[in-house]
Structures are given as C-alpha cells and as structure tokens.
Amino acid sequence: MFTGIIEATGKIALLQKKQGDLAIRIQSADLDMTDVKLGDSIATNGVCLTVVDKHIDGFSADLSNETISLTGFAHYALGQTVNLEKAMQPVSRLGGHLVSGHVDGIATITSITANARATEYWLTTEENLMKYIPYKGSVCIDGISLTVNAVEGNKFKLTIVPHTSEQTTIAHFKVGTQVNLEVDQIARYLERLIKGAEQPTGSDISMSLLAKAGFIK
C-alpha cells in the first residue's frame with residue numbers, strides 16, 4: 001500500500017525481454033534502499049513492482065504481460081525518468097490517499113496551461129473510468145496522489161503546484177504524454193457494495209444503509 005507522496009525519482013537502466021515478458025532495473029541515487037528487502041514493493045510510476053534484486057543504487061523487478069498491457073511500460077524506454085515510492089509503514093503519515101499500485105488504465109494529457117505559479121493539466125481517459133473520478137476526488141497519476149479540480153465528460157483537470165512539479169516527473173509532461181492512472185479505491189469498492197445491495201443476496205448492506213452512513217445522497 002502506498003500514499004502517492006513521491007520519495008524520489010529514478011531512471012530505467014535496463015528493460016529486457018525475458019521468456020515472454022520483461023525484466024527491468026531502476027537506478028536512483030536518491031531512493032534510500034537500506035531498509036528494502038527482496039520481495040518488498042516499490043511503486044514505480046504508480047505501478048506496484050516486487051523487488052527481485054537489490055542494488056546500492058536501485059532495484060530490479062519483473063513485469064508480467066498483464067502489467068505491460070495496462071500501463072505505460074508498454075512504451076517506456078531506457079533512460080525514462082520514473083517516480084518512486086516505497087510501500088508505506090503503519091507508523092507513516094498518510095500524506096496523500098490510499099494507493100494500491102494496481103493501475104486501472106492510461107490517461108492522456110490534452111492541454112497544459114499556466115495559472116499564476118501553478119500549472120493546470122487536462123487529461124482524457126476511458127469513459128468507464130470517469131465514473132470513479134469526481135470533482136475534488138483523488139486520483140493517482142504516475143504514482144502521484146493528486147486532487148481533481150474539474151470534470152467534463154471524459155476529461156478531468158489537475159492543478160499542480162511548483163513543489164509537486166519539482167519533486168516528480170510532472171515537469172516533463174507534454175501534450176500527448178500518456179500516464180498511468182489509478183482511481184480512488186473507495187469509489188471502486190463503493191460501486192461494488194451498491195451493486196451487491198441491488199441483488200437479493202441476503203446481505204445486510206442496502207441503499208438506505210449506504211445513504212444513512214453518508215456514502216450516497
């Protein structure tokens with residue numbers, strides 16, 4: 001589990017075909033690897049990767065075809081800069097929102113506009129994912145926890161402050177850049193609960209119960 005607060009950036013030092021899928025190595029001079037063990041998870045541009053080999057300046061991981069098909073790794077290249085976050089500890093501050101590292105799909109940058117010291121980005125994504133992206137809700141873009149500031153059809157807007165641009169890969173985004181998108185987990189689980197409540201399964205969860213608890217109006 002992650003928070004979407006980026007700890008460091010790194011670069012892809014190896015991207016190699018291996019028995020039908022891919023092996024990857026990430027180099028980073030800034031990510032503290034001293035407490036990382038084999039089998040630990042590190043979010044790499046928002047994708048939860050398992051450490052299969054540890055290096056002084058980074059780590060190696062394997063990418064399944066499922067991961068490649070759903071994320072930007074399908075078009076990443078050597079030297080690509082990526083956002084990195086180690087799995088959170090129960091004692092850590094939850095600075096962003098709950099992020100699983102299980103990417104739902106791809107979003108594409110369609111416009112970039114300056115607004116005072118901030119920068120506004122409009123992105124498009126699949127219509128079936130937009131129902132999970134509400135105004136003032138949370139999304140994870142390339143591993144970064146961000147707030148949605150507007151929603152129109154299959155588009156949504158993010159307002160990025162200078163600190164976030166400086167500490168992540170956002171400064172490299174251009175119109176046409178494709179990014180990994182993970183929607184808010186609560187929205188996904190709430191939908192499942194509502195669908196379950198609509199079925200006569202004998203569950204104690206109902207539409208009235210969800211409304212009473214404040215999940216729906």
Side-chain angles (χ1 to χ4, degrees), residues 1-12 26-32 41-49 71-73 75-76 79-89 91-126 129-188:
M1 192 66 68
F2 309 93
T3 66
I5 304 300
I6 304 304
E7 296 180 58
T9 59
K11 291 186 181 296
I12 298 176
I26 302 296
Q27 279 185 331
S28 176
D30 299 319
L31 188 69
D32 181 9
S41 297
I42 297 179
T44 306
N45 262 15
V47 183
C48 180
L49 298 182
T71 70
F73 278 103
H75 56 78
Y76 287 174
Q80 173 107 17
T81 303
V82 291
N83 298 310
L84 301 172
E85 181 192 357
K86 294 182 290 187
M88 70 177 185
Q89 298 176 350
V91 296
S92 298
R93 289 187 178 91
L94 186 59
H97 70 287
L98 291 176
V99 176
S100 69
H102 303 158
V103 172
D104 293 293
I106 297 290
T108 303
I109 310 290
T110 58
S111 72
I112 303 173
T113 308
N115 184 347
R117 292 187 304 121
T119 306
E120 295 180 342
Y121 295 81
W122 278 95
L123 301 89
T124 60
T125 191
E126 301 169 36
L129 293 178
M130 286 303 301
K131 60 185 175 181
Y132 306 113
I133 305 177
Y135 172 62
K136 292 302 179 184
S138 296
V139 291
C140 189
I141 299 295
D142 271 0
I144 311 163
S145 174
L146 298 170
T147 301
V148 177
N149 288 314
V151 176
E152 293 180 5
N154 69 333
K155 301 190 301 180
F156 61 97
K157 184 177 75 172
L158 305 171
T159 302
I160 309 300
V161 297
H163 177 80
T164 304
S165 294
E166 292 164 5
Q167 299 299 317
T168 69
T169 60
I170 288 181
H172 303 297
F173 289 179
K174 299 179 176 62
V175 172
T177 296
Q178 293 187 317
V179 295
N180 297 317
L181 169 67
E182 180 184 335
V183 300
D184 187 14
Q185 292 185 56
I186 294 175
R188 286 189 300 195

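One-based numbering along the sequence shown.
For the pair Val139 and Ile133, the minimum side-chain heavy-atom distance is below 4.5 Å. In this structure, the side chains of Leu98 and Thr3 stay at 4.5 Å or more apart for every pair of heavy atoms. The shortest distance between side-chain heavy atoms of Thr108 and Leu123 does not fall below 4.5 Å.
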From CA spacing to verdict: side-chain contact (heavy atoms from CB on, under 4.5 Å), Cys48, Phe2: CA-CA 9 Å; Cys48 180; Phe2 309 93; 4.0 Å; yes
Stepwise side-chain contact (heavy atoms from CB on, under 4.5 Å) test for Ile12 and Ile26: CA-CA 5 Å; Ile12 298 176; Ile26 302 296; 3.9 Å; yes
Atom pairs and distances, donor-acceptor, side-chain atoms in residues 168-175, under 3.5 Å, two or more places apart:
| from | atom 1 | to | atom 2 | distance (Å) |
| --- | --- | --- | --- | --- |
| Thr168 | OG1 | Thr164 | O | 2.6 |
| Thr168 | OG1 | Ile170 | N | 3.3 |
| Thr169 | OG1 | Asn83 | ND2 | 2.9 |

Only distances under 3.5 Å count here; give the side-chain donor-acceptor pairs of residues 149-158 to other protein atoms, sequence neighbours excluded, each with its distance to 0.1 Å.
| from | atom 1 | to | atom 2 | distance (Å) |
| --- | --- | --- | --- | --- |
| Asn149 | OD1 | Lys136 | NZ | 3.0 |
| Asn149 | ND2 | Thr159 | OG1 | 2.9 |

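For Asn115, the side-chain hydrogen bond (donor to acceptor under 3.5 Å, both in side chains) partners at least two apart in sequence or on another chain are Glu120. Scanning for side-chain contact (heavy atoms from CB on, under 4.5 Å) contacts around Pro162 gives Arg117, Glu166, with sequence neighbours left out. In terms of the side-chain hydrogen bond (donor to acceptor under 3.5 Å, both in side chains) criterion, Asp184 has no residue partners (sequence neighbours excluded). For Tyr76, the ring pair (Phe, Tyr, Trp, His ring centres under 6.0 Å) test picks out Phe73, with sequence neighbours left out. Residues satisfying the side-chain contact (heavy atoms from CB on, under 4.5 Å) criterion with Gln167, sequence neighbours excluded, are His163. Contacts of Thr81 classified as side-chain hydrogen bond (donor to acceptor under 3.5 Å, both in side chains), with partners at least two apart in sequence or in another chain: Lys11.
Within the structure, salt bridge (charged side-chain N to carboxylate O under 4.0 Å, His left out) pairs that include any residue of residues 99-110 comprise Asp104-Arg188 (at least two apart or interchain). Residues in residues 139-149 take part in no salt bridge (charged side-chain N to carboxylate O under 4.0 Å, His left out) pair, two or more places apart or across chains.
Closest heavy-atom contact between Ile112 and Thr119: CG2-CG2, 3.5 Å. In this structure, Val103 and Gly46 approach most closely via the heavy-atom pair CG2-O, 3.6 Å. The two residues Ser165 and Ile160 make their nearest non-hydrogen contact at OG-CG2, 3.4 Å. Considering all non-hydrogen atoms of both residues, Asn180 and Asn45 come closest at ND2-O, 2.9 Å.
The backbone N or O of Thr44 sits nowhere less than 3.5 Å from a side-chain atom of Glu85 that would complete a donor-acceptor pair. Between the side chain of Thr125 and the backbone N or O of Ile106 there is at least one donor-acceptor pair closer than 3.5 Å. Although no hydrogens or angles enter the test, the distance criterion places no donor-acceptor pair under 3.5 Å between the side chain of Gln178 and the main chain of Gly72. Side chain of Glu182 to main chain of Val99: no donor-acceptor pair is present (N/O by atom type, distance under 3.5 Å, no hydrogens or angles). With Ser28 contributing its side chain and Thr9 its backbone, the two residues share a donor-acceptor pair below 3.5 Å.
With rounding to the nearest 0.5 angstrom, the SG atom of Cys140 is 10.0 Å from the CD atom of Gln185.
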